[in-house]
Amino acid sequence: MNHPHAASLSAQRMLDEIENDLPGGRHIHVVTVNGVADAVMPLQQPHPPIWVASTSPEAIEWSARHGYAILMDPHSSHAEIGHKRRLYH
């Protein structure tokens, strides 16, 4: 199954993995192109946790397989949440 946001998530991971030697703050560094700030990148490696809204069994399994944390729907019963958690692990 291809997640509808798989390309965006892959692009975010690539951006998070860009490294440079420019000075920055305690939690970020600034990526510059020709001396102009282009992006603010997190220092957490390999990247901060990426959370994906996953409610269907297929989406939960996809998220788990790709190492993404999941946001489950707030409208599920406790039993449904338990079942979905087991799918993730």
Side-chain angles (χ1 to χ4, degrees):
M1 174 186 136
N2 286 328
H3 191 280
H5 300 292
S8 296
L9 294 168
S10 294
Q12 182 62 46
R13 273 198 170 167
M14 285 189 299
L15 286 173
D16 290 343
E17 293 170 3
I18 293 172
E19 294 181 11
N20 65 52
D21 296 324
L22 299 171
R26 183 170 170 224
H27 299 288
I28 63 167
H29 63 273
V30 177
V31 176
T32 63
V33 176
N34 297 325
V36 177
D38 185 52
V40 176
M41 306 302 293
L43 289 177
Q44 186 174 348
Q45 294 299 320
H47 53 75
I50 298 174
W51 291 76
V52 178
S54 302
T55 58
S56 72
E58 297 82 12
I60 292 168
E61 290 169 349
W62 183 92
S63 296
R65 205 170 38 254
H66 290 88
Y68 296 115
I70 60 172
L71 297 168
M72 290 190 272
D73 56 301
H75 307 290
S76 293
S77 68
H78 288 279
E80 291 169 323
I81 294 292
H83 174 71
K84 291 176 180 185
R85 185 175 185 276
R86 287 186 294 279
L87 288 174
Y88 184 79
H89 293 283

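- For the residue pair A64 and Y88, the shortest heavy atom distance occurs at CB-O, 3.3 Å.
- The same ILVMFWY cluster, assembled from side-chain heavy atoms under 4.5 Å apart, contains both I50 and W62.
- H78 NE2 to R85 CZ: the interatomic distance, rounded to the nearest 0.5 Å, is 14.0 Å.
- By the 4.5 Å heavy-atom criterion applied to side chains, K84 and D73 are counted as neighbours.
- Interatomic distance, CE of M72 versus OG of S63, reported as 10.5 Å (0.5 Å rounding).
- Under the 4.5 Å side-chain contact rule for hydrophobic residues, I60 and I81 share a cluster.
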